[in-house]
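Predicted model only: the values in this text are computed from it and were never measured. Order of appearance sets the numbers: ligands from 1, and atoms from 1 within every ligand.
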Amino acid sequence: MSQARQQLAVQLAEAVAEALRSDLDAQQRVLLVVSGGSTPVPFFHALAAYDLPWSRVDVTLADERWVADDSPDSNARLVREHLLQGPAAAANFVALTSAAGTPEQGVADVSERVESLAWPASVVVLGMGGDGHTASLFPDSRELDLALSSDEPLVAVRTPSQPQPRITFSAGRLHQARRHMLHINGDDKRSVLAAALGGDDVRALPIRAFLACPLAIYWAP
Ligand SMILES: O=C1O[C@H](COP(=O)(O)O)[C@@H](O)[C@H](O)[C@H]1O
């Protein structure tokens with residue numbers, strides 16, 4: 001891990017902790033939405049160490065692969081192993097999977113589960129893939145139009161480029177958050193973001209759906 005990426009993760013954790021603390025001063029429960037993948041690990045470690053009233057914080061994911069909780073591909077496993085540690089172990093984590101065999105079968109139950117959370121979220125921390133996807137809004141998701149336009153909180157998605165079916169928060173639900181932050185590393189992702197900023201076809205680069213939120217960008221080489 002480069003020093004620049006580590007420093008970025010610490011800066012992002014500070015911004016998220018400050019946002020949570022500010023909202024916790026005004027309301028009993030707050031909601032933090034985080035992303036999966038590989039990028040957030042040092043951010044999770046830095047955030048987990050903050051002295052916050054974590055028992056009043058709900059944490060969920062922007063998206064999830066429809067896999068078992070202990071799968072190496074599970075974003076929930078990532079959160080449990082890297083964020084729900086130390087002081088942050090007291091947070092209430094709400095996963096996006098169920099015992100149903102497919103996300104299409106499980107999406108209604110999981111939607112009911114997430115509707116009990118303290119919306120709007122205080123912070124959504126997004127990631128981005130090299131194809132411009134964010135959450136599980138992939139350029140080749142068959143349900144991309146639905147996920148971009150749905151009034152429902154969650155959408156089951158099938159994506160030819162991805163090995164597993166997934167579930168994702170809809171763009172509309174993520175838009176409602178009070179603050180949006182994007183955490184990315186590397187020159188490749190910077191180029192993708194520059195391309196996104198230079199055009200307006202959301203289906204080609206779904207991260208575009210969030211550029212005007214406004215989106216605070218956390219990038220390191
Ligand atoms: O599949 C996913 O990928 C993105 C980006 O992941 P990274 O490994 O390039 O950091 C992530 O934001 C998303 O939550 C995850 O499901």
Side-chain angles (χ1 to χ4, degrees), residues 1-2 4-6 8-9 12-13 16 31-47 59-69 71-84 93-97 103 107 110 114 121 123-144 147-148 153-171 173-175 177 180-193 195-196 205-211 213 215-221:
M1 170 71 51
S2 75
R5 291 185 183 190
Q6 182 59 36
L8 182 80
L12 176 59
V16 170
L31 173 61
L32 169 65
V33 181
V34 296
S35 289
S38 55
T39 306
V41 170
F43 156 64
F44 287 165
H45 291 169
L47 182 61
V59 178
T60 193
L61 283 154
D63 67 309
E64 180 63 285
R65 300 164 176 101
W66 202 262
V67 295
D69 270 7
S71 163
D73 293 326
S74 164
N75 285 337
R77 184 192 56 78
L78 186 88
V79 167
R80 288 194 176 99
E81 288 183 0
H82 298 286
L83 178 57
L84 304 179
F93 176 61
V94 177
L96 299 184
T97 52
V107 67
V110 182
V114 301
V123 189
V124 169
V125 182
L126 294 170
M128 184 187 75
D131 57 358
H133 87 266
T134 191
S136 281
L137 307 174
F138 286 82
D140 63 329
S141 294
R142 293 177 199 152
E143 297 80 8
L144 179 60
L148 289 170
L154 291 161
V155 177
V157 292
R158 300 278 169 163
T159 307
S161 64
Q162 300 304 309
Q164 301 106 349
R166 292 173 174 238
I167 188 166
T168 186
F169 272 102
S170 62
R173 183 54 64 108
L174 294 173
H175 280 154
H180 297 81
M181 302 177 187
L182 175 65
H183 185 196
I184 52 172
N185 290 324
D187 291 334
D188 290 356
K189 288 190 180 179
R190 187 175 67 169
S191 299
V192 174
L193 183 61
L205 294 173
I207 187 62
R208 285 180 172 138
F210 298 92
L211 296 178
C213 274
L215 186 62
I217 294 166
Y218 289 80
W219 172 83

_At less than 4.0 angstrom from any non-hydrogen atom of R65, what atoms of ligand 1 do you find?_
1 (O), 2 (C)
_Please list, in number order, the atoms of ligand 1 under 4.0 Å from a heavy atom of S38._
7 (P), 8 (O), 10 (O)
*Please check if the side chain of H180 supplies one atom and the backbone of L174 the other of a donor-acceptor pair under 3.5 Å.*
yes
*Would you mind checking which non-hydrogen protein atom is closest to atom 10 (O) of ligand 1, with the distance to 0.1 Å?*
T39 OG1, 2.5 Å
*Considering only protein heavy atoms, which is closest to atom 6 (O) of ligand 1, and at what distance to one decimal place?*
G37 CA, 3.6 Å
*What residue and atom, counting heavy atoms only, is the protein's closest point to atom 12 (O) of ligand 1, and at what distance?*
G127 CA, 3.3 Å
_Measuring from atom CG of L148 to atom CG of L137, what distance do you get when rounded to the nearest 0.5 angstrom?_
5.5 Å
_Checking a contact table here: which protein heavy atom is nearest atom 2 (C) of ligand 1, and how many Å away?_
H133 NE2, 3.5 Å
_Whether S74 side chain and V67 backbone form a donor-acceptor pair below 3.5 Å_ = no
_Tell me if a side-chain donor or acceptor on T134 pairs with a main-chain N or O of G127 at a distance below 3.5 Å._
yes
*asked:* Tell me whether W219 contacts the main-chain N or O of G186 through its side chain, where contact means a donor paired with an acceptor under 3.5 Å.
replied: yes
_Partner residues of D63 under the side-chain hydrogen bond (donor to acceptor under 3.5 Å, both in side chains) criterion, sequence neighbours left out_ = S136, R166
*What are the atoms of ligand 1, with element, lying closer than 4.0 Å to any heavy atom of R166?*
1 (O), 2 (C), 16 (O)
*Could you find the nearest protein heavy atom to atom 9 (O) of ligand 1 and give me its residue, atom name and distance?*
K189 NZ, 2.6 Å
*To the nearest 0.5 Å, tell me how far L61 CG sits from L78 CG.*
8.0 Å
*List the closest protein heavy-atom neighbour of atom 15 (C) of ligand 1: residue, atom name, distance to the nearest 0.1 Å.*
D63 OD2, 3.6 Å
*So, is G36 polar-close to ligand 1, with some N/O to N/O distance under 3.5 Å?*
yes
_Below 30° counts as parallel, above 60° as perpendicular, anything between as tilted: where do the rings of F138 and H133 land?_
parallel
_Proximity to ligand 1 by part of T134, non-hydrogen separation under 4.0 Å_ = neither
